[in-house]
Structure formats: C-alpha cells, structure tokens
Amino acid sequence: MTLRVSGKVVTPAGVIRQGCVEIRADRISGVAEYPSVRDGHWIVPGFVDMHTHGGGGHTFTTGDPGSAREAAAFHLRHGTTTLLASLVSSPHELMRRATAAYRPLVESGVLAGIHFEGPYLSADRCGAQNPEFLRDPSTDELAELIELGGGAIRMVTLAPERDGALEAIKLLVSHGVVAAVGHTDATWAQTRAAVAAGASVGTHLFNGMRPVHHREPGPVVALLDAPNVVCELVADGVHLHDGMLSFAASVAGPERAALITDAMAAAGMPDGEYELGGQAVTVADGVARLSRDGAIAGSTLTMDAALRHAVAAGVALPDACRMVATTPARAIGLGAQVGALQAGLRADMVVLDDDLNVVRVMRAGAWVD
C-alpha cells in the first residue's frame, strides 16, 4: 500500500507548494507536485538532534536505558525522529556502563548512537561540565569503549589543546566515530590541527569556547572557516544572541550549520531543581543554570522550538529545515538514511501548521501517537 501526505513540502531543492510525499512501508517512495492540494500544512523532514542530554524529566547522562527510552519518546513527540544520546563528563566506568546499556537501544533504532561530550575537555572552558571528571584523552579508554559499543558510539567531543587529543581524534575517525571540538581554550592553530587530524564538528559553537579576538581568532573562527566542519548552534535566545545566530548561520551556510537542543532533563518540565552530571541545576523562566555559579547548563529546548526560533531570527524556512535535519544527519554519517524528504530515505516527517507548531509526527512510515 502507498500512503500519501500532501501539503507544502520542504525538500532539499526547495518548497513544493502543492506537494505530496508518497510512503511505501517505512520508506519514501516519491515526492512530487500534487495540483489538487490547497493551503495544506507544512511537511518537513523529521528532525535530527545530534546533541541532547535528555528531556521530559528523563536523562541520558546516567546510563539508565529506561530513562533513555522516555527521553527519546519525549523528543519524538516534538518531531525529533533521530537523536544521539549525549552524556556529560563522567568517570570511565559510567561511560562503560552507558555504552553497554545503550547499545541495544541503538541496535533497535530507539537511539541513533551515543555522544560523549567529554570528559576530555578544558577546565577553563568547562561550563556546566563537572570539573571533577575532566582529564586528558586516552586512546586506551576510547578503544575499549568503541569495541564495547559495537558501532553505537557515534561522536566524541574533546578539547584539542589537551595532551593526546590529536591521537584521540585520529583513533576516533579511523573507527568511523565523529570527532568534535568543544569546551576548548584552543588557539586558532590548535583548532586547525584538530581539523587536519579529522575533527568535523564544532560542539555548540561559541559556547564553552575561547572567544573571538582580532589578534587571536581562536576556535570559533577556525571552525567556521573549515569547509568540512559542521557547526552546532543552540537556537534558544539564551546560548546565542539572535544576531550571532543569524551571523554564524550565514557564514557557515545551511549545509554546515546544524541546530541542536543541548537539552537536559528539564526540557518540557516546570521550573525547579534538577541535576546534570552530578551537579545541581536550577531552572527559572525556562533557562537551566548551575545552582553553584549560574553557568548555562544545557537547555530546555526542543527541536520544533529551535526551528521556530531560527525562522523568527531571519533564517528562511527551507534553510532552517536543512539545519534541523539534513545537515545534522550528514554530520553524523546518516545522510543516506534520514534527514530529507526524498525517495529512498526513511519515511520520517513532521507536519507543521502555519505557525510551525507540530501537528503530527511520522517515523519510519508510522504516525506517532
């Protein structure tokens, strides 16, 4: 049987104002004009969040598979049909436990992979990362985790100035794991060396990084300038001023700018007290900060809200859709499977009203309840 979903279809080539997406089983079988459509909803690709720590009161950071399932289900209801489970800096034993616990979730498709944000990060730029767990990269640790994960580990964020970082990047890339630069006090030259070694993602650009200076451009400029690096951007109006969001998106272009949530457990929950990586977090007016020093501690963002914010900041809707789906899918090696409304890819889509609110979500050809 063929299922047809019609409306204003956003494809990698642009918008089909009177369009139709055809689905056969769990795949898109075709995308075409459908002249009988009148004023339909927006049909956009399912969102791909390559950096999220939790949501709906649940977290990925403890390695608990039940909590991970619930967090993934929460974000799915907001249109995120593909996501990485991001952990924060942790002891090696917790990293081992989480890898073993999440591997079945990756193999069953609940998660698209694991992202270790740390612990190989800068103490000076650690942000809400727990300084107790920060350390130099270890190729032995990483090799053990990669073997234990059996393909589940998809990305690792590290600071290139730490001892052993370049060797770690080379090891990750040789095993098909994305190496990302983040929480770093690296110079421009050190960042370029990391990119030359194979790093291909900038973790939440600007946040947790040495700031730009006209005599020391630092990691931000090096990452924005690298043609093979995808730059993550948190579009919540807190992590980045809207002017900086639109500037970075215009410099990188929609093919190298990826919107992420960096969400923690408080996403979709009331203000109050929460926890991230063993540290107390206070959420007030929807903004998550460490209780001890006020550092931004992830976000309460969802991908549909990120899309709306980017469009309100001046990003064209087709470009914003690339930034929430196509570009992050490619960045984590899944561009041949998900991230766009085109024939052959998994049938993941989000139906939005004219205010870009979620109406329905489809994953793998089935509507989400």
Side-chain angles (χ1 to χ4, degrees), residues 1-12 16 19-32 34 37 40-50 52 54-58 60 65-85 102-114 151-152 154 259 261 263 267-268 302-308 321-322 324-326 328-330 332-353 356-369:
M1 290 182 61
T2 298
L3 174 65
R4 293 179 175 87
V5 181
S6 59
K8 295 169 286 196
V9 180
V10 180
T11 76
I16 304 175
C20 176
V21 182
E22 295 186 346
I23 299 104
R24 205 167 283 146
D26 66 343
R27 297 280 143 181
I28 297 172
S29 57
V31 179
Y34 201 61
V37 173
H41 288 310
W42 290 101
I43 315 296
V44 305
F47 308 143
V48 179
D49 193 353
M50 58 193 285
T52 178
H58 305 278
F60 295 124
S67 185
R69 283 184 179 275
E70 292 296 333
F74 165 79
H75 283 289
L76 178 60
R77 293 192 293 272
H78 286 271
T80 299
T81 51
T82 301
L83 59 72
L84 299 186
Y102 292 168
R103 177 175 174 172
L105 300 184
V106 176
E107 292 172 345
S108 65
V110 174
L111 305 174
I114 300 166
R154 194 159 284 276
L259 300 186
T261 63
T302 54
M303 286 294 272
D304 57 323
L307 176 71
R308 288 192 294 272
C321 288
R322 289 183 67 87
V324 295
T326 316
R330 178 176 51 80
I332 58 175
L334 297 176
Q337 302 175 42
V338 297
L341 297 180
Q342 61 186 47
L345 299 191
R346 196 173 73 193
D348 295 350
M349 69 182 70
V350 186
V351 180
L352 303 171
D353 64 20
L356 305 184
N357 296 306
V358 174
V359 177
R360 297 190 82 182
V361 179
M362 174 182 285
R363 187 179 190 275
W367 292 112
V368 174
D369 185 5

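Worth knowing before you read on, the calculation uses all heavy atoms, side chains too, and leaves out hydrogens, waters and symmetry mates.
Within 6.0 Å of CZ on Phe74 lie more than 12 heavy atoms contributed by other residues, nucleotides or ligands.
A heavy-atom distance below 4.5 Å is not found between the side chains of Ile23 and Ser29. Side-chain contact between Val338 and Leu345: absent, with no pair of heavy atoms (C-beta onward) separated by less than 4.5 Å. Looking only at side-chain heavy atoms (C-beta outward), Val351 and Val361 stay at 4.5 Å or farther from each other.
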- Query: Can you list the steps and then say if Met362 with Val350 is a side chain to side chain contact (heavy atoms under 4.5 Å, CB included)?
  - Reply: CA-CA 6 Å; Met362 174 182 285; Val350 186; over 6 Å; no
- Check step by step if side chain to side chain contact (heavy atoms under 4.5 Å, CB included) holds for Leu83 and Phe47. CA-CA 8 Å; Leu83 59 72; Phe47 308 143; over 6 Å; no
- Query: side chain to side chain contact (heavy atoms under 4.5 Å, CB included) between Leu356 and Asp304: does it pass, once the steps are laid out?
  - Reply: CA-CA 8 Å; Leu356 305 184; Asp304 57 323; over 6 Å; no
- Message: Set out, in order, the CA-CA distance, both residues' side-chain angles and the distance that settles side chain to side chain contact (heavy atoms under 4.5 Å, CB included) for Thr52 and His75, then state yes or no.
- Response: CA-CA 9 Å; Thr52 178; His75 283 289; 3.5 Å; yes
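Here the straight-line distance linking atom OG1 of Thr11 with atom CD of Gln342 works out to 8.5 Å at 0.5 Å rounding. Distance CG/Asp348 to CZ/Arg27: 8.5 Å, rounded to 0.5 Å. Going from atom OG of Ser108 over to atom OH of Tyr102 covers 13.0 Å, rounded to the nearest 0.5 Å. Here the straight-line distance linking atom OG1 of Thr81 with atom CE of Met349 works out to 10.0 Å at 0.5 Å rounding. Between the CD1 atom in Ile43 and the CZ atom in Arg360 there is a gap of 10.0 Å [rounded to 0.5 Å]. To the nearest 0.5 Å, atom CG of residue Leu259 and atom CE of residue Met50 are 11.0 Å apart.
In terms of the side-chain contact (heavy atoms from CB on, under 4.5 Å) criterion, residue partners of Arg4 (sequence neighbours excluded) are, by chain and number, Thr2, Cys20, Glu22.
Residues Cys321 and Leu307 come closest through the heavy atom pair N-CD1, 4.1 Å. When all heavy atoms are compared, the tightest approach of Leu341 to Val9 is CD1-CG1, 3.8 Å.
For the 3.5 Å distance criterion, the side chains of Asp49 and Thr80 fail to qualify, holding no donor opposite an acceptor. Looking only at atom types and distance, the side chain of Arg346 has a donor-acceptor partner in the side chain of Thr82 under 3.5 Å away.
Not one N or O on the side chain of Arg154 forms a donor-acceptor pair closer than 3.5 Å with the backbone of Leu84.
Sequence neighbours left out, not one pair with a member in residues 65-75 passes salt bridge (Lys or Arg N to Asp or Glu O under 4.0 Å).
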